[in-house]
> 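The structure's right below; bear with me while I get my questions together.
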2 protein chains.
Amino acid sequence: MSIQTRRERERAERERLIVTAARELAEAEGWEAVTTRRLAAEIEYSQPVLYSHFKGKEAIMAAVAVQGCAELAVELRTAREAAKGRRGALAAVGEAYTAFARRRPALYDAMFTHRVDLPFATPEAPAPLQEAFGELRQAVEPIAAEGDDVGLLTETYWAGLHGLVTLMRSGRLPEGAHEQRLELLTGHFSGALR
Amino acid sequence: MSIQTRRERERAERERLIVTAARELAEAEGWEAVTTRRLAAEIEYSQPVLYSHFKGKEAIMAAVAVQGCAELAVELRTAREAAKGRRGALAAVGEAYTAFARRRPALYDAMFTHRVDLPFATPEAPAPLQEAFGELRQAVEPIAAEGDDVGLLTETYWAGLHGLVTLMRSGRLPEGAHEQRLELLTGHFSGALR
DNA sequence: ACAGATTGGCTAGCGCTGCTAGAATTCAGA
DNA sequence: TCTGAATTCTAGCAGCGCTAGCCAATCTGT
């Protein structure tokens, strides 16, 4: 039994190694630099080993994405708890979200841009995904009007943040005015504007 | 001189052929099916011919994207002109925008998702891009408060639409509630909500 | 009308990708 | 120590974007 467990432990350890190697490589040089060959070299195993842990490259990216969601959830929570007032919390969370996306673009892409077969808006979604969304939701809830569907409102605000981030990152919106756009978005949702 | 112009005309014709072939293939089977080999076969020339017209595959996608923007601009204008009232116009344009994205996903990706080296938020941006943005802007302008920067407000509303579309298309938002989310977004921007 | 220059398209191939079949090796248990 | 099973590696497939260099058709000047 002990031998069995040791092997399983080593296997789990190696899987962790793969995920962190993929993530570090992606953050350093972008996802296009994360090839199965380079990843294999990085973890000092041969290519096929990757496929004994993950179904393919996409599955590795999905694992990285889940890790990223956990970190995003923490950062959103910290921002929310440090902020004062309903509007302050929403603004702080929006700020934290877009800051995360700009600081860790590769991680963000794995989480929310690249096509990845993770269940998202269902109960089967991995816990970190639900936690990150839950943080957003807790920031949105206090500014919801009576009768509002808080879930839908959160999704809509999230879409706004996501749109700002992706259009900016792809060069379709100038970076300079980001803060002003973010204020407009948050202001219109929190009722501070209009 | 006539021979020269005939050749140029034929060249331009073939370039058009490449762009429409790429677009049709992408719309039928997605961009991952648009390989230089298949595209070459489609136009009944060899691969290198593509490179005598475009710098690479990305440039072909950019050309398709410009075409798409022209069509989007037309659809947005039609929707705006048919709508009644300031809020109605904004809602109609938002509706038309997201409908376009859902009806022509591959085209939309070339325009706003894939990394493509087109100048966007500058005066050098191709005319169709500016026209499409201009249509959005004309729908946003009437709902802007005094002192608002209409350009920034338009960018922010656009980001909201783009976020809704991309998160939905990648399975991160359920399709079912799209109309409700769109109403929330438009409502908060037009001042109808809160 | 012919020779030479030029243009333009094609064949073939480079280096890379994600992924896998099957050989080789290592290891656990008798 | 030997055998069978589990694990890892070597080697290779099919396909990708892209390009060097050959070859044929066309145009130009005599």
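Chain A is the first sequence line, chain B the second, and so forth, proteins listed ahead of strands; every chain is numbered from 1. Side chains are part of it too, since the values below use all heavy atoms of this structure and drop only hydrogens, waters and symmetry mates.
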> So B/Arg38, base contact, sugar-phosphate only, or nothing? Heavy-atom distance under 4.0 Å.
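No contact at all - B/Arg38 keeps every heavy atom at 4.0 Å or more from the nucleic acid.
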> Under 4.0 Å between any heavy atoms, over every strand shown, what does A/Thr35 touch: base, sugar-phosphate, or nothing? Just pick one.
sugar-phosphate
> Which class fits the ring pair A/Tyr97 and A/Phe112: parallel under 30°, tilted 30 to 60°, perpendicular over 60°?
parallel
> Over 60° means perpendicular and under 30° means parallel, so classify the ring planes of A/Phe133 and A/Trp158, tilted if in between.
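Rings of A/Trp158 and A/Phe133: perpendicular, as their planes differ by over 60°.
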> Do A/Leu136 and A/Val74 belong to the same hydrophobic cluster, where Ile, Leu, Val, Met, Phe, Trp and Tyr are linked whenever their side-chain heavy atoms lie under 4.5 Å apart, directly or via other members?
no
> Within the modelled atom types, does a donor on one side and an acceptor on the other bring the side chain of A/Gln47 and the base of C/dC19 under 3.5 Å apart?
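Yes, a donor-acceptor pair under 3.5 Å.
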> For the residue pair B/His188 and A/Phe189, does the interplanar ring angle fall in the parallel (under 30°), tilted (30 to 60°) or perpendicular (over 60°) class?
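B/His188 vs A/Phe189 ring planes: parallel.
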> Residues of residues 18-29 of chain A with any non-hydrogen atom less than 4.0 angstrom from an atom of DNA chain C: list those, numerically ordered, please.
none
> Ion pair present between B/Glu29 and B/Arg38, side-chain N to carboxylate O less than 4.0 angstrom?
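Between B/Arg38 and B/Glu29 there is a salt bridge, with a charged N closer than 4.0 Å to a carboxylate O.
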> Do you know which two heavy atoms are closest between A/Ala139 and A/Leu90, and how far apart they sit?
O-CD1, 3.8 Å
> Distance criterion of 3.5 Å, no angle test: do you see the side chain of B/Arg37 paired donor-to-acceptor with the base of D/dG15?
no
> For B/Glu44 and C/dG9, what is the distance between atoms CD and C1' respectively, to the nearest whole Å?
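Checked: the CD to C1' distance equals 15 Å.
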> Could you tell me whether A/Glu10 and A/Arg14 have a side-chain N and a carboxylate O separated by less than 4.0 Å?
no
> OP1 or OP2 of D/dG17 less than 4.0 angstrom from a side-chain nitrogen or oxygen of B/Thr36, does that happen here?
yes
> Specify the separation, in whole Å, of atom OH of B/Tyr45 and atom C1' of C/dC10.
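The distance from OH of B/Tyr45 to C1' of C/dC10 comes to 12 Å, rounded to the nearest Å.
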> Among B/Leu182, B/Val93, B/Leu185, find the residue that satisfies the side-chain contact (heavy atoms from CB on, under 4.5 Å) test when tested with B/Thr98.
B/Leu182
> Would you call B/Glu75-B/Arg103 a salt bridge at under 4.0 Å N-O?
yes
> Would you kindly give the CD-to-P distance between A/Glu10 and C/dC27, to the nearest whole Å?
10 Å
> Could you identify which residues of residues 49-68 of chain B place a heavy atom less than 4.0 Å from some atom of DNA chain D, listed by residue number, or say none?
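Under 4.0 Å from DNA chain D: B/Tyr51, B/Gly56, B/Lys57.
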